[in-house]
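Heads up: the structure comes next, in structure tokens.
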Amino acid sequence: VIDSLSVPTGYTMTIPAGVTIKMRDSSSALNVIGSLRVLGSEASPVTFTSLKDDSVAGDTNNDGSASSPTPGDWGYVRAYTAGSIEMSYTQLRYGGANTSLTAILHLADNAQATLDHSSVSYSSRNGIYLDSGLSSNTTRLSFTNGSIANNTLSGIFSASTAGTYAITVTGSNFAGNNQAAYLTLQSNSSATFASNTGSGNATNGIMLNGSAGQGVSLGATTNLPYVIDYLTIPASYTMTIPAGVTIKMRDSSSYLNVT
């Protein structure tokens with residue numbers, strides 16, 4: 001059970017397959033400035049969840065059926081500065097309580113996270129939030145073969161900042177979020193999407209705005225179109241849209257500028 005825990009620079013915390021981590025309350029957080037490796041397997045996943053969640057590892061708070069888990073029961077897992085997170089077959093659910101770091105998984109500065117066969121669900125705010133901050137920073141996310149579901153705001157959200165992003169999302173399903181994803185990009189950001197699916201999101205698409213510069217690849221998806229809020233393709237850059245892709249424009253103020 002985590003109350004508040006930090007992994008400092010130069011240290012690695014390793015969580016083996018089959019471990020359950022329960023977070024004590026809405027102020028509980030795991031901060032990663034060093035490295036976090038979560039090594040779940042298909043047969044024995046790792047779960048980060050609420051103390052009230054009796055579906056894994058039993059009735060930890062010993063209250064019988066008096067309590068049940070809800071979104072926002074705990075805070076977040078955060079990587080920042082140059083922290084790194086590696087997760088496989090990992091479930092994160094019922095977090096997102098913090099009003100400043102508005103997600104179950106928060107990535108900032110030069111942090112990087114790689115999640116494979118993992119799920120992020122039931123956040124009271126965003127599922128995954130990226131905030132690169134300064135222009136010298138690049139925040140990196142790779143999310144493959146996973147699920148992002150039932151988050152109150154966006155499944156994935158990247159903030160409008162001076163910094164850049166390197167985002168890859170492939171083979172994943174978005175379901176039951178307010179927005180599947182809302183990504184603000186700078187001209188030096190890269191973003192790759194392919195073979196993703198979506199259903200039941202209030203805005204059932206991957207929303208894009210900002211500047212599509214260095215390597216934005218919009219691969220084919222199933223029932224999950226790309227939705228442009230406002231997007232610019234800067235001079236000397238090329239954005240290629242392959243066969244079968246659907247682009248929808250958000251509203252009367254939406255545009256795609258090619259400079």
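All figures in this text were calculated on a predicted structure; none of them were measured in a lab.
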Does the side chain of Thr90 reach to within under 4.5 Å of the side chain of Leu115, using non-hydrogen atoms?
no
What are the two closest heavy atoms between Leu30 and Met23, and how far apart are they?
N-CE, 4.1 Å
Side chains of Ile128 and Leu130, heavy atoms from C-beta outward: is any pair under 4.5 Å?
yes
State, yes or no, whether a side-chain contact exists between Asn204 and Leu224 at a heavy-atom distance under 4.5 Å.
yes
Does the Thr138 side chain pair with the main chain of Asn110, one donor and one acceptor, at a distance under 3.5 Å?
no
Walk me through whether Asn61 and Asp59 qualify under side-chain contact (heavy atoms from CB on, under 4.5 Å).
CA-CA 6 Å; Asn61 62 352; Asp59 182 14; 2.8 Å; yes
Is it true that Asn188 and Thr164 share a donor-acceptor pair across their side chains at a distance under 3.5 Å?
no
Check whether the ring centres of His106 and Tyr76 lie less than 6.0 Å apart, and answer yes or no.
no
Keeping the roles fixed (side chain from Ser189, backbone from Gln186), state whether a donor-acceptor pair exists under 3.5 Å.
yes
Heavy-atom side-chain contact between Asn223 and Thr197 under 4.5 Å:
no
Scan side-chain atoms only and decide if Ser27 and Asp25 contain a donor-acceptor pair under the 3.5 Å cut-off.
yes
Would you say the side-chain atoms of Arg125 pair up with the backbone N or O of Gly96, donor to acceptor, closer than 3.5 Å?
yes
Backbone N/O of Asp109 and side chain of Asn137: donor-acceptor pair under 3.5 Å:
no
Could you tell me if the side chain of Phe143 sits less than 4.5 Å from the side chain of Thr168, heavy atoms only?
no
Please report the interatomic distance NZ(Lys248) to CE(Met207), rounded to the nearest 0.5 Å.
12.5 Å
Hey, is the main chain of Val169 close enough, under 3.5 Å, to the side chain of Asn196 for a donor-acceptor pair?
yes
Establish, from distance only, whether the side-chain atoms of Asn209 and Thr184 form a donor-acceptor pair under 3.5 Å.
yes
For the side chain of Ser254 and the backbone of Asp229, is there at least one donor-acceptor N/O pair under 3.5 Å apart?
yes
Side chains of Thr259 and Asn257 only: does a donor on one sit below 3.5 Å from an acceptor on the other?
no
Indicate the atoms forming the closest heavy-atom contact of Gly72 with Ser124, along with that distance.
CA-OG, 3.5 Å
Donor-acceptor pair, distance only, cut-off 3.5 Å: does the side chain of Thr152 make one with the backbone of Ser123?
yes
Using a 3.5 Å distance criterion without hydrogens, assess whether the side chain of Thr14 forms a donor-acceptor pair with backbone atoms of Arg37.
no
Within-4.5 Å side-chain heavy-atom neighbours: Ile104 and Tyr122:
no
Distance from Arg78 atom CZ to Leu107 atom CG, nearest 0.5 Å?
11.0 Å
Polar side chain donor-acceptor pair, Thr144 to Asp116, under 3.5 angstrom:
yes
Does a salt bridge link Lys52 with Asp63, judged by any charged N lying under 4.0 Å from a carboxylate O?
no
Using side-chain heavy atoms (C-beta onward) and a distance below 4.5 Å, is Tyr11 in contact with Thr9?
no
Sole candidate of Leu208, Leu256, Ile241 that passes side-chain contact (heavy atoms from CB on, under 4.5 Å) when paired with Ile247:
Ile241
Answer whether the closest heavy-atom distance between the side chains of Ser195 and Thr170 falls below 4.5 Å.
no
Are a donor atom and an acceptor atom from the side chains of Ser35 and Ser84 found within less than 3.5 Å of each other?
yes
Measure the CZ-OG distance between Arg140 and Ser132 for me, rounded to the nearest 0.5 Å.
11.0 Å
Can you tell which of Phe157, Tyr182, Tyr165 makes a ring pair (Phe, Tyr, Trp, His ring centres under 6.0 Å) with Tyr129?
Phe157
Between OG1 of Thr102 and CG of Leu153, what distance do you get to the nearest 0.5 Å?
7.0 Å
Would you please say whether a donor-acceptor pair under 3.5 Å links the side chains of Asp53 and Ser50?
no
Determine whether Ile148 and Asn173 satisfy the following criterion, side-chain contact (heavy atoms from CB on, under 4.5 Å), listing intermediate values before the conclusion.
CA-CA 6 Å; Ile148 299 179; Asn173 179 254; over 6 Å; no
Kindly say whether Gly95 contributes a backbone atom to a donor-acceptor pair with the side chain of Asp73 at under 3.5 angstrom?
no
Is the side chain of Asn151 donor-acceptor paired with the backbone N or O of Ser154 at a distance under 3.5 Å, no angle test?
no
Side chains of Arg24 and Thr60: do they bring a donor and an acceptor to under 3.5 Å?
no
